[in-house]
Amino acid sequence: TMGLNKILAVSKTQDWEVVIGLETHIEVLSNSKIFSGASADYNPTVAPNTQACMVDVAMPGMLPVLNKHCVEQAIKFGLGINAEISRHSRFARKQYFYPDLPQGYQISQPANEPPVVGRGWVEILGDDGNPKKIFIERAHMEQDAAKNKHDMHPTKTFVDYNRTGVMLLEIVTFLDTKNPENNSYITSPDEAERYLRQIREIARALGVSKANMEEGSMRADVNVSVRPVGSKTFGTRTETKNMVSFKFIKTAIEYEARRQVEILENGGTVSQDTMRFNQGDGTTSVQRSKEDALDYRYFPDPDLLELEITDEEIERIRKTMPELPTATRARYINEYGLSEYDATRLTETVDISHWFD
């Protein structure tokens, strides 16, 4: 692709391969938040801090209670991405300290244990024109943070807690470190966009999320590394956080891959950093050193019961699922003789395909 050619063009001595991992967050649709009864409705016209209750802002003595509908939405999405559903999982406290996190920790599912949604996959069109499976390692439930507003005062930051506690589903692509020659990962900016559009399409079709990047209900952390073509080991990755535009995601991948190739070809080493994307000039810059799972000091949340899911519950949810757009497109092409272009247009939204049917 053009983006990949731009990346490889900086090479002086050899061909390089780009390896891309995506951690995609989608806000789950529910009437109330994952651990409280406060409204989870997205409404940008609502006054700040009017959709946050005492549980959300961590007043003393407040206890979380798990929202069953949120769990069902996670299971539904897991079935939509052909994933294993864990019969047993739990919640943990992930320790880090920001003004937008009133508890001083985030309730999530631990990184070293099975989450509610395990290994799965989605199929995209690879850059070679053939279908390509992109494997997903996990999709875990967690609570969203608040929103910091840095542009309302010259010296102060304001915090709006309305979105605090809305359920997030974090979807993490799988990198087979034991078999690095397995080409089941994303290898270009275009493939990254196709994968994200597929995740968005599934989430919307199932009614799990609006998945609108412009309103922040879908965002991605982009991991990029490079390695010489034919290498049997992966390079050191960097992570660019909270990307909310397909265009910016592709630009960030191209720039970061070129930056890493130039460092390596000049004899340097890439450090595992968290990067910031600068929208003005399309560059990335170091924000902080990357944390590992150990840095978050996960431990089981003592206020929440372990989550047990039965086979009967999974089958009940499976029976409520609609036909996914990929299957609908295949049906339109095979049964009605439509072109791929027409079938794609008619499945852009569930409403359009329902109208056509």
Side-chain angles (χ1 to χ4, degrees), residues 1-4 20 22 24-30 42 72-85 117-136 139 169 171 173-174 183-215 217-220 244-247 249-250 314-357:
T1 67
M2 180 61 71
L4 198 57
I20 300 160
L22 293 171
T24 310
H25 294 80
I26 57 173
E27 282 191 349
V28 169
L29 285 170
S30 60
Y42 176 80
E72 293 174 343
Q73 291 281 69
I75 294 170
K76 188 187 297 183
F77 182 81
L79 295 173
I81 61 168
N82 314 288
E84 304 163 3
I85 306 299
V117 177
R119 188 73 56 80
W121 56 269
V122 297
E123 189 172 87
I124 66 168
L125 193 66
D127 283 339
D128 61 1
N130 295 314
K132 179 177 183 179
K133 281 186 178 179
I134 303 298
F135 286 96
I136 292 167
L169 200 57
I171 307 137
T173 55
F174 176 65
N183 187 27
S184 61
Y185 45 84
I186 300 165
T187 55
S188 79
D190 287 339
E191 287 187 354
E193 180 180 2
R194 291 185 206 116
Y195 165 82
L196 290 168
R197 289 188 181 277
Q198 184 72 353
I199 291 295
R200 185 179 70 175
E201 181 178 83
I202 292 169
R204 287 177 172 177
L206 293 175
V208 169
S209 175
K210 293 180 182 177
N212 286 331
M213 284 193 161
E214 59 271 20
E215 69 179 36
S217 60
M218 179 176 176
R219 48 195 188 265
V244 291
S245 155
F246 293 132
K247 177 184 176 182
I249 286 169
K250 293 172 70 174
I314 294 170
E315 289 311 308
R316 175 180 59 79
I317 293 167
R318 192 192 302 274
K319 289 176 181 176
T320 68
M321 293 173 60
E323 183 179 57
L324 291 175
T326 301
T328 307
R329 280 195 289 275
R331 178 164 60 86
Y332 288 173
I333 293 168
N334 296 330
E335 293 186 14
Y336 303 145
L338 296 185
S339 69
E340 186 171 332
Y341 176 85
D342 287 342
T344 300
R345 297 285 77 78
L346 288 168
T347 54
E348 283 183 340
T349 70
V350 174
D351 288 341
I352 292 174
S353 61
H354 283 174
W355 167 82
F356 180 72
D357 284 334

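Both backbone and side-chain heavy atoms feed into the values below; hydrogens, waters and symmetry mates do not. Only a predicted model underlies this, so the values are computations on that prediction, with no experimental measurement involved.
Looking at Y42 and L29, their side chains never come closer than 4.5 Å, going by heavy atoms from C-beta outward. Side-chain contact check for P189 versus I249: every heavy-atom pair is 4.5 Å or farther apart. Within the 4.5 Å cutoff, the side chain of D342 has no heavy atoms near those of the F356 side chain. The closest side-chain heavy-atom distance from I202 to T326 is not below 4.5 Å.
Atom CG of L79 sits about 7.0 Å away from atom CD1 of I317, to the nearest 0.5 Å. Between the CZ atom of F246 and the CZ atom of R194 there is a distance of 12.5 Å, given to the nearest 0.5 Å. Here the straight-line distance linking atom CH2 of W121 with atom OG of S184 works out to 12.5 Å at 0.5 Å rounding. Distance check: I81 CD1 to L324 CG gives 11.0 Å after rounding to the nearest 0.5 Å. The line from CD1 of I134 to OH of Y195 is 8.5 Å long, rounded to the nearest 0.5 Å. Here the straight-line distance linking atom NZ of K133 with atom CD1 of I124 works out to 13.0 Å at 0.5 Å rounding.
T24 places no side-chain N or O within donor-acceptor distance of the main-chain N or O of A220, the cut-off being under 3.5 Å. Judged by distance alone, the side chain of E340 and the main-chain N or O of I333 form no donor-acceptor pair under 3.5 Å. With hydrogens and angles ignored, the 3.5 Å screen pairs a side-chain donor or acceptor of Y332 with a backbone N or O of S353. Of the possible polar contacts, none joining the N212 side chain to the E214 backbone as a donor-acceptor pair under 3.5 Å is found.
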Can Y336 and L346 be said to form a side chain to side chain contact (heavy atoms under 4.5 Å, CB included), step by step?
-> CA-CA 12 Å; Y336 303 145; L346 288 168; over 6 Å; no

Please lay out, stage by stage, how I352 and R345 fare under the test side chain to side chain contact (heavy atoms under 4.5 Å, CB included).
-> CA-CA 9 Å; I352 292 174; R345 297 285 77 78; over 6 Å; no

Does the side chain to side chain contact (heavy atoms under 4.5 Å, CB included) test come out yes or no for I136 and V117, once each step is laid out?
-> CA-CA 10 Å; I136 292 167; V117 177; over 6 Å; no

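Applying the salt bridge (charged side-chain N to carboxylate O under 4.0 Å, His left out) test to residues at least two apart or on different chains, the pairs with a partner in residues 197-210 are E193-R197, E201-R329.
Scanning both residues, I171 and A139, for their nearest heavy atoms gives CG1-CB, 4.1 Å. Minimum interatomic distance between D128 and N130 (heavy atoms only, all atoms of both residues): OD1-N, 3.0 Å. Between A205 and P322, the shortest heavy-atom contact is O-CG, 3.5 Å. Between F77 and L206, the shortest heavy-atom distance links the atoms CA-CD1, 4.0 Å. For the residue pair S209 and S217, the shortest heavy atom distance occurs at OG-O, 3.8 Å. Minimum interatomic distance between E191 and K132 (heavy atoms only, all atoms of both residues): OE1-NZ, 2.8 Å.
For N82, the side chain to side chain donor-acceptor pair (under 3.5 Å) criterion is met by no residue, not counting sequence neighbours. For the side-chain contact (heavy atoms from CB on, under 4.5 Å) test, residues two or more places apart in sequence or in another chain that qualify with A74 are V116, M141, M167, L169. Residues forming a salt bridge (Lys or Arg N to Asp or Glu O under 4.0 Å) with E315 (at least two apart in sequence, or on another chain): R318. Partners of E323 by salt bridge (Lys or Arg N to Asp or Glu O under 4.0 Å), not counting sequence neighbours, listed by chain and number: R331. For E84, there are no side chain to side chain donor-acceptor pair (under 3.5 Å) partners, not counting sequence neighbours.
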